[in-house]
Amino acid sequence: MITLKDSITKENLLKAFAGECQAWRRYELAATQARMQNLEVLYWLFHYTANQEKEHAEVFYNHLKEFNGQEISITADYPIDNSNNILELLQLAAKHEAAEHDTIYKSFGDKAKEEGFPDIAASFHMIAKIEKVHSQRFERYAELVQNNKLFENETPIEYICLSCGHIHNATGAPQICPVCKHNQGFFVRLEDSPFGKEKILTL
Ligand SMILES: [Fe+2]
Ligand SMILES: [Fe+2]
């Protein structure tokens, strides 16, 4: 059986760690950009996802513990999404997340399995599934922004203010929260809130 030291998986883990650290930081930069444009809801979308990437980074890094104090050399391509355009940032994020799921982590997981590291393979394959959810979430929000539907819906739905928790049932979020006076950018569809009504009811 091959040791991790002589494996391709060792390099794949470091590539994944580097990729997750970059995604974490890219999303925090995008979050700041969204906040500057009064789109607090997108600040939280990027920040929420960034925290998950930070966790993925830690999972991959922990698999490299036996190399403590050493260096591993890698060559890899990483994206540069340095834009002020929120729609573009959402679309690029969706694209990268899809690539992680569809090809990168799937192939890294398959290689780890082939080389005899089932625990590492499981990390790659399970995180690949999470990246698919990330991709779909970014894609959905890109479409909402593109269609001017971030704060509008054809039928009445519930929006929740991320600042004070006020719930507004209408075909659109109010321009200003009637309770805390924060701007419309603070409103998120209640169904998308991590502690949304339906999710609490199904606990
Ligand atoms: Fe990730
Ligand atoms: Fe992700």
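Indexing begins at 1, ligand by ligand and atom by atom, following the structure's order. Computation of the quantities below employed the complete heavy-atom set of this structure, encompassing side-chain atoms and omitting hydrogens, waters and symmetry-equivalent molecules.
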* To do: For Asn82, look at atom CG and say whether over 12 heavy atoms of other residues, nucleotides or ligands are found less than 6.0 Å away.
  => no
* Does Tyr159 have any ring-ring contact (aromatic ring centres under 6.0 Å, His included) partners at least two apart in sequence or in another chain, and if so, which? -> none
* Under 6.0 Å between ring centres, would you say that holds for Phe138 and Tyr27? -> yes
* Listed by chain and number, what are the side-chain hydrogen bond (donor to acceptor under 3.5 Å, both in side chains) partners of Ser123, not counting sequence neighbours? -> His63
* Asked: Is there a donor-acceptor pair under 3.5 Å between the side chain of Lys111 and the backbone N or O of Thr9?
  -> no
* To do: Under the side-chain hydrogen bond (donor to acceptor under 3.5 Å, both in side chains) rule, collect the residues that match up with His182, sequence neighbours excluded.
  => Ser163
* Asked: Which protein N, O or S atoms lie under 2.8 Å from the Fe ion (ligand 1), given by chain and residue number?
  -> Glu20 OE1, Glu20 OE2, Glu53 OE1, His56 ND1, Glu131 OE2
